[in-house]
There are 2 protein chains.
Amino acid sequence: MSNQPTPLPVVDLAADAPCCPPLAQRRVPAETAAVLAPAFKALGDPVRLQLMSMIASAEGGEACVCDLTPAFDLTGPTISHHLKTLREAGLVDAERRGTWVYYRARPAILRQLAALLTVEPAPGA
Amino acid sequence: MSNQPTPLPVVDLAADAPCCPPLAQRRVPAETAAVLAPAFKALGDPVRLQLMSMIASAEGGEACVCDLTPAFDLTGPTISHHLKTLREAGLVDAERRGTWVYYRARPAILRQLAALLTVEPAPGA
DNA sequence: TCTCTGCTTAGACGGACGTCAAGACAGGCT
DNA sequence: AGCCTGTCTTGACGTCCGTCTAAGCAGAGA
């Protein structure tokens, strides 16, 4: 398990989906929904949303688990579980360097999700 | 219960949150995460994601339940349940006109979610 | 090699979720 | 009024989710 650079069979969302048009422009097909819904689901937890933000906004683009864990009133395994969820959703990437494990965001899928939610600039107000 | 124009005590997300900066720019505070995570969670189901898209992309900005239900291999109550979830997440608004019930999207919160997921245009490729 | 620290995995438990069948309510038509 | 159509609510059931404790694995240092 340790001889591969990417230890998990993470779904490669960013490369698979055809970089969908806005949700409000044309109806999202079932296949696209099935692929992207898990990403939204992964962001649908307050802890994971904060984790995602901490990772994406970290200096150097990566955050150490040792910095993430003490920011919550949760046990280490619970944080690890949430990080695994983000990993399996294709939102983050993990890399072990020496003692510590670093997580970094995948901007491509974030862009994809943002594009999907894009709507016309102003309603009228 | 039937003497009010808005039958449900829907959370007014769009008006409450301070229209947050991008997730990758500064760390999302716990309160913001607690408010916005349910919206992502509501979109974290393939059926609801398609429903949201069908409503948001409908002509006139609104869609009838009678048009939404036959698009899925699910029973009416199940679709109704999903629509209720979207309603309670503040993503859509419902209005009864005669026999049919029409749903319309709330662009404000969609914009808010899209803004939160916004990242720098291109990484380098 | 031994031990210590950091992170993940395994197993368990309570609660929430997705689905359905059956019943209730609202509005239109005869 | 009475019926019919369309939608929502209720109650139930099986599954998944979030959390914990306990145990396992990987690296670093003595």
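Since we're looking at a predicted model, the values are computed, not measured.
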A.B. asks: Side chains of A:L91 and A:I55: does their closest heavy-atom pair fall under 4.5 Å?
C.D. replies: no
A.B. asks: For DNA chain D, whose closest nucleotide is more 5', that of A:G98 or that of B:G76?
C.D. replies: B:G76
A.B. asks: Ignoring backbone atoms, test whether B:S80 places a side-chain nitrogen or oxygen under 4.0 Å from the OP1 or OP2 oxygen of D:dC8.
C.D. replies: yes
A.B. asks: Write down the distance between CD (A:E88) and C1' (C:dT8), rounded to a whole number of angstrom.
C.D. replies: 12 Å
A.B. asks: Provide, to the nearest angstrom, the distance between the CG atom belonging to A:D45 and the C1' atom belonging to D:dT19.
C.D. replies: 11 Å
A.B. asks: Could you state the atom-to-atom distance from CZ of A:R87 to P of C:dC7 in whole Å?
C.D. replies: 12 Å
A.B. asks: Rounded off to whole Å, could you give me the CZ-to-P distance for the A:R97 and D:dA28 pair?
C.D. replies: 12 Å
A.B. asks: Does OP1 or OP2 of D:dC8 have a side-chain N or O of B:Y103 closer than 4.0 Å?
C.D. replies: yes
A.B. asks: Which heavy atom of A:R104 sits nearest a heavy atom of A:G61, and at what distance?
C.D. replies: CB-O, 3.3 Å
A.B. asks: Apply the test side chain to side chain contact (heavy atoms under 4.5 Å, CB included) to residues A:F72 and A:H82: give CA-CA distance (whole Å), side-chain angles for both, the deciding distance (0.1 Å), then the verdict.
C.D. replies: CA-CA 12 Å; A:F72 302 89; A:H82 283 307; over 6 Å; no
A.B. asks: When the nearest nucleotide of DNA chain D is assigned to B:W100 and to B:K41 on a heavy-atom basis, which residue is associated with the more 5' position?
C.D. replies: B:W100
A.B. asks: I want to verify a distance call: between D:dG18, D:dA26, D:dA28, whose nearest atom is closest to the A:T99 side chain?
C.D. replies: D:dA28
A.B. asks: Check the distance between D:dT19's P and A:L83's CG and give it to me in whole angstrom.
C.D. replies: 12 Å
A.B. asks: Taking CG from B:L43 and C1' from C:dC17, how many angstroms apart are they, rounded to a whole number?
C.D. replies: 16 Å
A.B. asks: I need the single residue from A:T85, A:T69, A:L68 that forms a side-chain contact (heavy atoms from CB on, under 4.5 Å) with A:L51. Which is it?
C.D. replies: A:L68
A.B. asks: Between the protein and nucleotides 20-23 of chain D, are there any N/O to N/O pairs under 3.5 Å, and if so, what are the atom names and distances?
C.D. replies:
unit_1, atom_1, unit_2, atom_2, d
D:dC20, OP2, A:T75, N, 3.2
D:dC20, OP2, A:T75, OG1, 3.1
D:dC20, OP2, A:T78, OG1, 2.7

A.B. asks: Is the shortest side-chain heavy-atom distance between B:L113 and A:F40 below 4.5 Å?
C.D. replies: no
A.B. asks: Is any side-chain heavy atom of B:R27 closer than 4.5 Å to a side-chain heavy atom of A:S53?
C.D. replies: yes
A.B. asks: Across the strands shown, which category fits A:F72 at heavy-atom distances under 4.0 angstrom: base, sugar-phosphate, nothing?
C.D. replies: nothing
A.B. asks: Could you work out, with side chain to side chain donor-acceptor pair (under 3.5 Å) as the rule, every residue matching A:T78, not counting sequence neighbours?
C.D. replies: A:T75
A.B. asks: Any residue in residues 47-67 of chain A with a heavy atom nearer than 4.0 angstrom to DNA chain D? Just list them by number, or reply none.
C.D. replies: A:R48
A.B. asks: What integer distance in Å separates B:K84:NZ from C:dG18:C1'?
C.D. replies: 14 Å
A.B. asks: Check the distance between C:dG6's P and A:I79's CD1 and give it to me in whole angstrom.
C.D. replies: 16 Å
A.B. asks: Mind checking whether A:R87 and A:Y103 have side chains closer than 4.5 Å, heavy atoms only?
C.D. replies: yes
